[in-house]
Amino acid sequence: MPVRRALEALASAKQRPLPGELEPGGSPSVGSGEINPGPVLPMNSGANVTFSNLRAVVILIVVAFHSALPYLASQPPHPFAFDAPPYRWIAFPIIDRERWFGLDLFCAWQDVSLMSLMFLLAGLFTPHGLIRKGAAAYLAERWWRIGLPFVLAVALLSPLAYYASYLTTATDPSPAAFWQHWRALPMWPAGPQWFLWQLLLLSGLAAALHELMPSWPRAASLIVARCDDRPLLFFAGLTILSALAYVPLAMIFTPWEWTFFGPLSFQLSRPLHYLLYFSAGFAIGSYGCDRSIFRIDGPLARHWPTWVVAACACFALWGGLTSLTMPDWNASPPAYRLAAAFAFPPACATGVIAFVASSLALLRRRSALADSLSTNAYGIYLTHYPFVLWLQYALLGTRLNAVAKAAFVLIVALALSWAASGFLAAGVRLLVHRHSGLPGKGAISDQPR
């Protein structure tokens with residue numbers, strides 16, 4: 001029975017979003033002390049189409065971000081030693097001689113806002129999952145859909161991916177030598193999968209609060225209701241709370257430092273910041289996307305160009321102040337560090353809001369390509385990293401410029417991981433079908449969501 005549940009969970013994973021659940025229903029409304037499901041939205045409703053398309057955009061940016069890392073002008077001229085602390089090759093596995101500063105700007109912008117957006121979207125669709133399944137069933141489903149893939153990806157795909165990084169500095173390139181060096185590390189690098197264990201942890205926290213304090217989503221929703229037609233109030237709240245959550249930790253640990261416990265890693269300055277964005281998404285989801293600040297006909301969508309300009313301005317301010325703390329954060333004047341830390345919350349908030357606002361305004365139409373990319377987003381997230389790193393390694397000796405290399409890695413890695421997602425889901429569905437004896441049309445991926 002556990003085997004069947006695991007196979008079913010993996011089979012259904014391709015049908016689920018990376019940062020939460022984009023279900024056809026799930027505009028939860030608030031009742032007296034509890035979250036009650038709102039009216040079920042049709043599959044072609046504007047909200048579902050918008051967020052499905054946004055999921056496709058997010059996974060495209062994730063792959064593009066990782067594809068660009070070797071070509072940043074800010075990186076040193078040589079790759080990082082595999083055995084030397086602080087093991088910076090975990091974040092920058094491949095270092096290429098071709099560089100372009102524009103890729104630094106692209107990656108910095110995504111570092112400021114992309115992960116916060118993913119945590120917000122995760123929280124946004126959590127209430128509907130809790131309502132539909134209940135806390136216990138929701139947690140069990142989260143384990144099979146997030147926890148088990150995390151374990152498998154970390155155990156199998158992470159060493160496969162980072163072997164390419166090891167080869168850039170290895171004196172003995174053999175797999176046996178790599179495995180010896182890998183086992184000697186003080187951690188087990190998880191790569192991009194770090195997001196999954198944190199998402200699982202936050203899902204568990206949401207489920208616990210759902211059981212122990214059933215009235216708290218209602219209180220949070222009352223706060224969200226005040227922001228229905230006041231995006232500036234929403235921005236101010238996010239910024240102020242983010243400053244309280246982020247600035248003290250950034251000043252203590254620096255904005256960049258990570259810590260590791262085996263395969264579990266997190267950025268020391270941001271755990272409370274990500275909790276805030278997950279909670280904000282949860283509050284909006286509890287109140288109902290169709291009547292919240294995220295509705296497709298609201299002021300956020302109407303004024304999306306303003307938010308894009310504000311995001312660019314706040315990002316430029318953050319970038320300028322952060323540059324004053326380079327290359328050594330701890331050696332820079334305290335005033336510069338404090339200014340850079342305080343610049344991060346508004347840059348992040350405007351970046352996230354700009355993403356959502358422009359999606360609400362521009363991503364309202366369905367397309368077969370976007371639907372396929374959205375459906376396979378989770379599978380692409382799980383499988384893309386080995387393709388990215390090995391393609392970057394293969395291009396080290398070529399004469400292409402930085403932009404051409406990054407574009408090539410993006411296109412090929414996206415295509416390969418997209419195909420791998422489809423093959424993986426089809427194979428798991430076949431195993432589920434054979435194991436359960438269910439008729440073909442009863443496969444998990446064919447059932448209505």
Under 4.5 Å between any side-chain heavy atoms of Thr254 and Asn330, yes or no?
yes

Tyr87: what forms a ring-ring contact (aromatic ring centres under 6.0 Å, His included) with it, not counting sequence neighbours?
none

For Trp194, all residues meeting ring-ring contact (aromatic ring centres under 6.0 Å, His included), sequence neighbours excluded
Trp258

Heavy-atom pair of closest approach, residues Leu105 and Phe315
O-CZ, 3.6 Å

The reported gap from OG in Ser279 to CG in Leu120 (rounded to nearest 0.5 angstrom) is 10.0 Å

Side chain Ser421, main chain Ser417, donor-acceptor under 3.5 Å
no

Can you name the side-chain contact (heavy atoms from CB on, under 4.5 Å) partners of Pro263, sequence neighbours left out?
Phe150, Val154, Trp188

Enter the distance from Leu391:CG to Ser67:OG here, rounded to the nearest 0.5 Å.
8.0 Å

Would you indicate whether the side-chain heavy atoms of Tyr274 and Leu199 approach each other to under 4.5 Å?
no

Counting C-beta onward and ignoring hydrogens, is there a side-chain heavy-atom pair between Ile59 and Leu414 closer than 4.5 Å?
no

Hey, what do you get for CD (Glu257) to CD1 (Ile252), rounding to the nearest 0.5 Å?
11.5 Å

Crowded around Phe408 CZ? As in, over 12 foreign heavy atoms under 6.0 Å?
no

How far apart are the C-alpha atoms of Val412 and Phe387, what are their side-chain angles, what is the distance that settles it, and do they pass the side-chain contact (heavy atoms from CB on, under 4.5 Å) test?
CA-CA 8 Å; Val412 178; Phe387 293 121; over 6 Å; no

Just verifying a value: how many Å separate Ser332 OG and Leu324 CG, rounded to the nearest 0.5 Å?
8.5 Å

Can you name the residues that form a ring-ring contact (aromatic ring centres under 6.0 Å, His included) with Phe278, not counting sequence neighbours?
none

Provide the closest heavy-atom pair for His210 versus Ala135 in the form atom of the first, atom of the second, distance.
CD2-CB, 4.3 Å

Phe266 atom CZ: more than 12 heavy-atom contacts under 6.0 Å:
yes

Quickly, which of Leu124, Val224, Leu130 forms a side chain to side chain contact (heavy atoms under 4.5 Å, CB included) with Phe282? Name it, please.
Leu130

Please tabulate, one pair per line, all N/O donor-acceptor pairs under 3.5 Å involving side-chain atoms of residues 338-348, not counting sequence neighbours.
none

Salt bridge (Lys or Arg N to Asp or Glu O under 4.0 Å) pairs touching residues 295-321, sequence neighbours excluded, are Asp229-Arg295, Arg295-Asp297

Results of side chain to side chain donor-acceptor pair (under 3.5 Å) for Ser165 - residues two or more places apart only:
none

Output yes when a side-chain donor or acceptor of Thr126 lies under 3.5 Å from a complementary backbone atom of Ala122, and no otherwise.
yes

Flag the pair Phe80 / Gln75 as yes when at least one side-chain heavy-atom distance between them is below 4.5 Å, and no otherwise.
yes

Has the side chain of Gln392 got a donor or acceptor atom that lies under 3.5 Å from a matching backbone atom of His66?
yes

Provide the closest heavy-atom pair for Arg99 versus Pro76 in the form atom of the first, atom of the second, distance.
NH2-O, 2.6 Å

Keeping Asn401 on the side-chain end and Ala404 on the backbone end, is there a donor-acceptor pair under 3.5 Å?
yes

Atom CG in Leu201, atom CG in Leu275: separation rounded to 0.5 Å?
9.0 Å

So the salt bridge (Lys or Arg N to Asp or Glu O under 4.0 Å) pairs with at least one residue in residues 405-418 (sequence neighbours excluded) are Asp96-Lys405

Would you please indicate yes or no on a ring centroid separation below 6.0 angstrom for Phe82 and Trp89?
yes

Any pair with a residue in residues 337-357 that passes side-chain hydrogen bond (donor to acceptor under 3.5 Å, both in side chains), sequence neighbours left out, goes on the list, sorted by first then second residue, please.
none

Flag the pair Trp304 / Ser358 as yes when at least one side-chain heavy-atom distance between them is below 4.5 Å, and no otherwise.
yes

So, for Leu157 and Thr383, which heavy atoms are closest and what is the spacing to 0.1 Å?
CD1-CA, 4.2 Å

Side-chain contact test, heavy atoms from C-beta onward, threshold under 4.5 Å: evaluate it for Leu196 versus Leu382 and give yes or no.
yes

What pairs meet the side-chain hydrogen bond (donor to acceptor under 3.5 Å, both in side chains) rule with one or both residues in residues 312-322, with sequence neighbours excluded?
Trp318-Thr322

Looking at every non-hydrogen atom in both residues, tell me the closest pair between Ala245 and Leu249 and how far apart they are.
O-CD1, 3.7 Å

So CG of Leu69 and CZ of Phe92: to nearest 0.5 Å the spacing works out to 6.0 Å

Should Phe294 and Leu300 count as side-chain neighbours, where that means a heavy-atom distance under 4.5 Å?
yes

Considering all heavy atoms, the nearest Tyr385-Pro93 contact:
OH-CG, 3.3 Å

What pairs with Trp329 under ring-ring contact (aromatic ring centres under 6.0 Å, His included), at least two apart in sequence or on another chain?
none

Between the main-chain N or O of Ser52 and the side-chain N or O of Ser374, is there a donor-acceptor pair closer than 3.5 Å?
yes

Output every pair passing side-chain hydrogen bond (donor to acceptor under 3.5 Å, both in side chains) with a member in residues 102-115, not counting sequence neighbours, ordered by first then second residue.
Ser74-Asp104, Asp111-Arg270

Heavy atoms, side chains only, cut-off 4.5 Å: are Leu276 and Tyr246 in contact?
no

